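Note that this is a predicted model, so its numbers are computed, not measured.
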Amino acid sequence: MSIQYEEPMGSYGGESLKDFDYGVDEPDIEDNSPSSDSKPRILLMGLRRSGKSSIQKVVFHKMSPNETLFLESTNKIYKDDISDSSFVNFQIWDFPGQVDFFDPTFDYEMIFRGTGALIFVIDAQDDYVEALGRLHLTVSRAFRVNPDINFEVFIHKVDGLSDDHKIETQRDVHQRANDDLADASLEKLHLSFYLTSIYDHSIFEAFSKVVQKLIPQLPTLENLLNIFISNSGIEKAFLFDVVSKIYIATDSSPVDMQSYELCCDMIDVVIDVSCIYGLREDGSGSAYDKESLAIIKLNNTTVLYLKEVTRFLALVCILREESFERKGLIDYNFHCFRKAIQEVFEVGNSVQRSGFLDASPPISSLASLKAGTLNGTPRNVV
Ligand SMILES: Nc1nc2c(ncn2[C@@H]2O[C@H](COP(=O)(O)OP(=O)(O)OP(=O)(O)O)[C@@H](O)[C@H]2O)c(=O)[nH]1
């Protein structure tokens with residue numbers, strides 16, 4: 001395997017990678033600023049010790065899974081503002097395991113009204129009968145307050161289960177949870193199930209899917225990625241949020257876990273090397289900036305290609321070595337792709353300011369992206 005850096009990369013402002021994260025925990029749920037109201041809210045709920053805080057720390061704060069063994073029990077709602085990127089712009093609320101809906105000081109109506117997704121975490125290594133009862137109580141209450149919430153169930157800690165046991169557990173949880181909903185005449189309430197563990201990439205994959213459902217621009221992003229890869233001879237492309245390694249969009253070909261893991265590993269390698277060798281003498285600079293770019297050639301004729309798209313997003317592509325010979329074309333198409341993404345941001349920001357969310361495709365950049373085709377000479381179409 002050879003790693004090639006075409007441009008030097010800086011550092012995350014002199015901090016070690018672990019110190020670089022989205023924000024700080026605020027042990028306070030009172031925040032009535034208009035900006036925080038407009039951000040989608042993701043709730044992490046579930047029984048005590050099911051793994052909620054571990055998920056939040058591993059995905060968004062670079063905590064290593066082993067360190068979660070020492071996490072103390074959460075006793076307040078922790079609000080985490082993930083707002084440094086325009087696309088991944090939300091808050092995560094980590095609930096203590098023992099939330100009591102009958103406690104008059106717990107204003108669940110207010111909380112559910114502003115919620116985009118509710119993640120209910122079930123410990124698959126434990127007896128989950130009590131968790132299923134709690135899941136039913138939680139989602140039925142939330143659904144009555146806000147039927148637009150996406151309900152996501154993480155069947156968590158599956159690292160301790162055999163493959164057969166995983167599938168059996170998922171089937172059983174799915175069946176029982178939906179039977180409970182049917183008994184309560186709540187068939188319209190849709191639950192999505194994921195098998196997760198903090199010890200592998202499954203938690204990042206699951207979180208990616210949860211976050212994607214909250215991105216109104218998703219169809220536009222997918223469309224742009226489809227056009228980009230088909231005109232550039234690329235097999236698979238992911239648009240990554242670099243810090244969390246959540247992929248916020250990919251082209252419409254199926255995602256296989258190995259490709260996703262490979263791309264995640266590439267981001268880790270690039271950022272780690274950049275943190276160590278990319279700093280200026282005085283320690284200033286950034287590990288990820290607009291010059292960030294890396295090419296990794298694997299020994300099976302596959303090339304991994306990473307390029308900066310915005311301050312927080314990177315495009316990571318998987319392609320064959322022979323397609324990479326047309327690097328000029330790929331770079332030209334990438335240039336158009338990046339421009340289109342910037343237009344999506346601009347549209348997103350302006351409609352958000354006017355209080356209306358829509359995702360119209362940025363026509364001009366799409367046109368020029370189509371213009372640089374695999375077999376032709378890149379040219380500009382206005
Ligand atoms: N094996 C395994 N253990 C996990 C996983 N995720 C979390 N844990 C462990 O589960 C324990 C409880 O994790 P926490 O994140 O504190 O659980 P919590 O749901 O936030 O707990 P409360 O704050 O009490 O509600 C810790 O010892 C974690 O190391 C996982 O995917 N696999």
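One side chain, Lys236 or Thr250, offers a donor N or O that lies under 3.5 Å from an acceptor on the other. Side-chain contact check for Arg320 and Thr301: at least one donor-acceptor pair (N or O, by modelled atom type) lies under 3.5 Å. Side chains of Lys245 and Ser208: no donor on one and acceptor on the other come within 3.5 Å. Using modelled atom types, one finds no donor on one side chain facing an acceptor on the other under 3.5 Å when comparing Asp272 with Tyr277. With hydrogens and angles left out, the side-chain atoms of Asp159 and Ser197 include a donor and acceptor closer than 3.5 Å. For the 3.5 Å distance criterion, the side chains of Ser259 and Asp256 qualify, holding a donor opposite an acceptor.
Within a 6.0 Å radius of CD in Glu322, other residues, nucleotides and ligands contribute more than 12 heavy atoms.
Under the ring pair (Phe, Tyr, Trp, His ring centres under 6.0 Å) criterion, His174 pairs with Phe193, not counting sequence neighbours. Residues passing the ring pair (Phe, Tyr, Trp, His ring centres under 6.0 Å) test with Tyr247 are Phe238, Tyr260, sequence neighbours excluded. In terms of the salt bridge (Lys or Arg N to Asp or Glu O under 4.0 Å) criterion, Glu222 has no residue partners (sequence neighbours excluded). With sequence neighbours excluded, no residue forms a ring pair (Phe, Tyr, Trp, His ring centres under 6.0 Å) with Phe143.
Judged purely by atom type and a 3.5 angstrom limit, Ser323 has no side-chain atom pairing as donor or acceptor with the backbone of Leu319. A donor-acceptor pair under 3.5 Å links the side-chain atoms of Arg338 to the main chain of Glu308, judged by distance alone. No donor-acceptor pair under 3.5 Å is formed between the side chain of Ser232 and the backbone N or O of Ile229.
A salt bridge does not link Lys339 to Glu343: none of the charged side-chain nitrogens sits closer than 4.0 Å to a carboxylate oxygen. Glu130 and Arg134 are not joined by a salt bridge, as no carboxylate oxygen comes within less than 4.0 angstrom of a charged side-chain nitrogen.
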### Query
Can you list the steps and then say if Ser192 with Lys213 is a side-chain hydrogen bond (donor to acceptor under 3.5 Å, both in side chains)?
CA-CA 12 Å; Ser192 305; Lys213 290 188 194 169; 3.2 Å; yes
#### Entry: Trace of the side-chain hydrogen bond (donor to acceptor under 3.5 Å, both in side chains) decision for Ser64 with Asn66
CA-CA 6 Å; Ser64 82; Asn66 288 330; 5.3 Å; no
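The salt bridge (charged side-chain N to carboxylate O under 4.0 Å, His left out) pairs that include a residue from residues 223-232 number zero, where partners must be two or more places apart or lie in different chains. The salt bridge (charged side-chain N to carboxylate O under 4.0 Å, His left out) pairs that include a residue from residues 185-200 number zero, where partners must be two or more places apart or lie in different chains.
Note on Met63: it does not cluster hydrophobically with Phe70, by side-chain heavy-atom contacts below 4.5 Å among ILVMFWY residues.
Residues Ile318 and Cys263 are in side-chain contact: their nearest non-hydrogen atoms beyond the backbone lie under 4.5 Å apart. For the pair Leu47 and Asp123, the minimum side-chain heavy-atom distance is 4.5 Å or more. Two residues are said to be in side-chain contact when any heavy atoms from C-beta on lie closer than 4.5 Å; Phe228 and Leu224 fail this criterion.
Distance check, rounded to the nearest 0.5 Å: CG of Leu195 to CD of Glu205 gives 11.0 Å. Summarising the geometry, atom CG belonging to Asp126 is positioned 14.0 Å from atom CZ belonging to Arg48; distances are rounded to the nearest 0.5 Å.
In summary, the aromatic rings of Phe120 and Phe154 are positioned with their centroids too far apart to meet the 6.0 Å limit.
Tested against Tyr128, the residues Leu135, Ile155, Thr169 include a single side chain to side chain contact (heavy atoms under 4.5 Å, CB included) partner, Thr169. The only option from Asp180, Asp179, Asp172 that meets the salt bridge (Lys or Arg N to Asp or Glu O under 4.0 Å) definition with Arg176 turns out to be Asp172.
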